[in-house]
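All remarks here apply to the structure that follows.
All heavy atoms count here, side chains included; hydrogens, waters and symmetry mates do not.
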Amino acid sequence: MTTNWNGCWQPRMKDYVVILLQRLQTGWRPRGDEIDMRTRQRRMSTWRFDVDLLSYPDDTEVSGWARAEKLIGRANDGRMTWTGEILWIDAELRWALCEDGFWWLDGS
């Protein structure tokens, strides 16, 4: 276990997610068949950036200053879903690597 930027306990990232993050940071553009098969890939539509308000239980005005750290939207089955913390996101907002895997983003 490690702590994130606001001191909350979180599980350690998988090695293959760390390797994928390092590849993305070099400017590499991912394709689905080039991502390590251990990395879970999912799709999200009608998404938006979101703040994890549970990380700030005592602050009632957090949404005015906190940085977005997750995505929330609709999964393929139409249900609302959210990601883990965003690690890296495409400048054109087509995909995001999050703590819980790789997300292909359809429309925002």
Side-chain angles (χ1 to χ4, degrees):
M1 299 285 275
T2 60
T3 57
N4 65 10
W5 64 273
N6 63 354
C8 294
W9 288 101
Q10 63 186 23
R12 189 177 151 98
M13 268 195 298
K14 304 285 186 195
D15 291 339
Y16 51 88
V17 173
V18 172
I19 292 168
L20 180 55
L21 176 60
Q22 291 169 342
R23 283 184 78 188
L24 293 169
Q25 290 171 336
T26 68
W28 172 72
R29 307 292 287 180
R31 289 191 349 219
D33 61 345
E34 296 177 333
I35 295 173
D36 188 312
M37 61 190 238
R38 295 174 294 175
T39 303
R40 188 171 181 192
Q41 294 185 56
R42 289 171 280 184
R43 254 186 209 289
M44 181 182 289
S45 62
T46 318
W47 62 272
R48 63 180 171 84
F49 291 101
D50 197 38
V51 175
D52 182 3
L53 296 177
L54 295 177
S55 296
Y56 309 94
D58 298 326
D59 194 335
T60 58
E61 298 179 15
V62 69
S63 61
W65 60 264
R67 69 179 174 89
E69 55 194 31
K70 297 181 181 225
L71 301 171
I72 188 169
R74 297 224 174 258
N76 285 345
D77 62 6
R79 293 186 203 180
M80 289 303 292
T81 190
W82 56 91
T83 69
E85 186 172 337
I86 301 167
L87 303 173
W88 199 259
I89 191 163
D90 177 44
E92 296 172 6
L93 305 177
R94 294 179 297 181
W95 51 260
L97 176 63
C98 301
E99 288 178 327
D100 60 340
F102 194 90
W103 292 84
W104 296 100
L105 306 175
D106 299 327
S108 57

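- Residues W88 and L20 fall within the same hydrophobic cluster, defined by Ile, Leu, Val, Met, Phe, Trp and Tyr side chains chained together at heavy-atom separations under 4.5 Å.
- Between D36 and I19, the closest side-chain pair of non-hydrogen atoms is not below 4.5 Å.
- Atom CH2 of W104 is surrounded by more than 12 heavy atoms from other residues, nucleotides or ligands within 6.0 Å.
- Between L105 and D90 there is no side-chain heavy-atom pair separated by less than 4.5 Å.
- Taking all atoms of both residues into account, the shortest heavy-atom contact from L97 to V17 is CD2-O, 4.0 Å.
- Under the side-chain hydrogen bond (donor to acceptor under 3.5 Å, both in side chains) criterion, Q25 pairs with no residue, sequence neighbours left out.
- Side-chain contact between I89 and W95 is absent, with no heavy atoms from C-beta onward closer than 4.5 Å.
- Listed by chain and residue number, nothing satisfies the side-chain hydrogen bond (donor to acceptor under 3.5 Å, both in side chains) test with E34 (two or more places apart in sequence, or in another chain).
- Checked by atom type, the side-chain pair W47/D50 shows no donor-acceptor distance below 3.5 Å.
- Between I35 and Y16 there is no side-chain heavy-atom pair separated by less than 4.5 Å.
- With sequence neighbours excluded, no residue forms a side-chain hydrogen bond (donor to acceptor under 3.5 Å, both in side chains) with R74.
- Once rounded to the nearest 0.5 Å, the distance linking CD of E85 with CD of E99 reads 5.0 Å.
- Within the 4.5 Å cutoff, the side chain of L93 has heavy atoms near those of the F49 side chain.
- When the shell of 6.0 Å around CE of M80 is examined, it contains more than 12 heavy atoms from other residues, nucleotides or ligands.
- Nearest heavy atoms, C98 versus G84: CB-O, 3.6 Å.
- Residue M44 comes nearest to I72 through the heavy atom pair SD-C, 3.8 Å, listed as atom of the first residue, atom of the second, then distance.
- Here the rule is side chain to side chain donor-acceptor pair (under 3.5 Å) with D100, and of R40, R42, K70 only R42 fits it.
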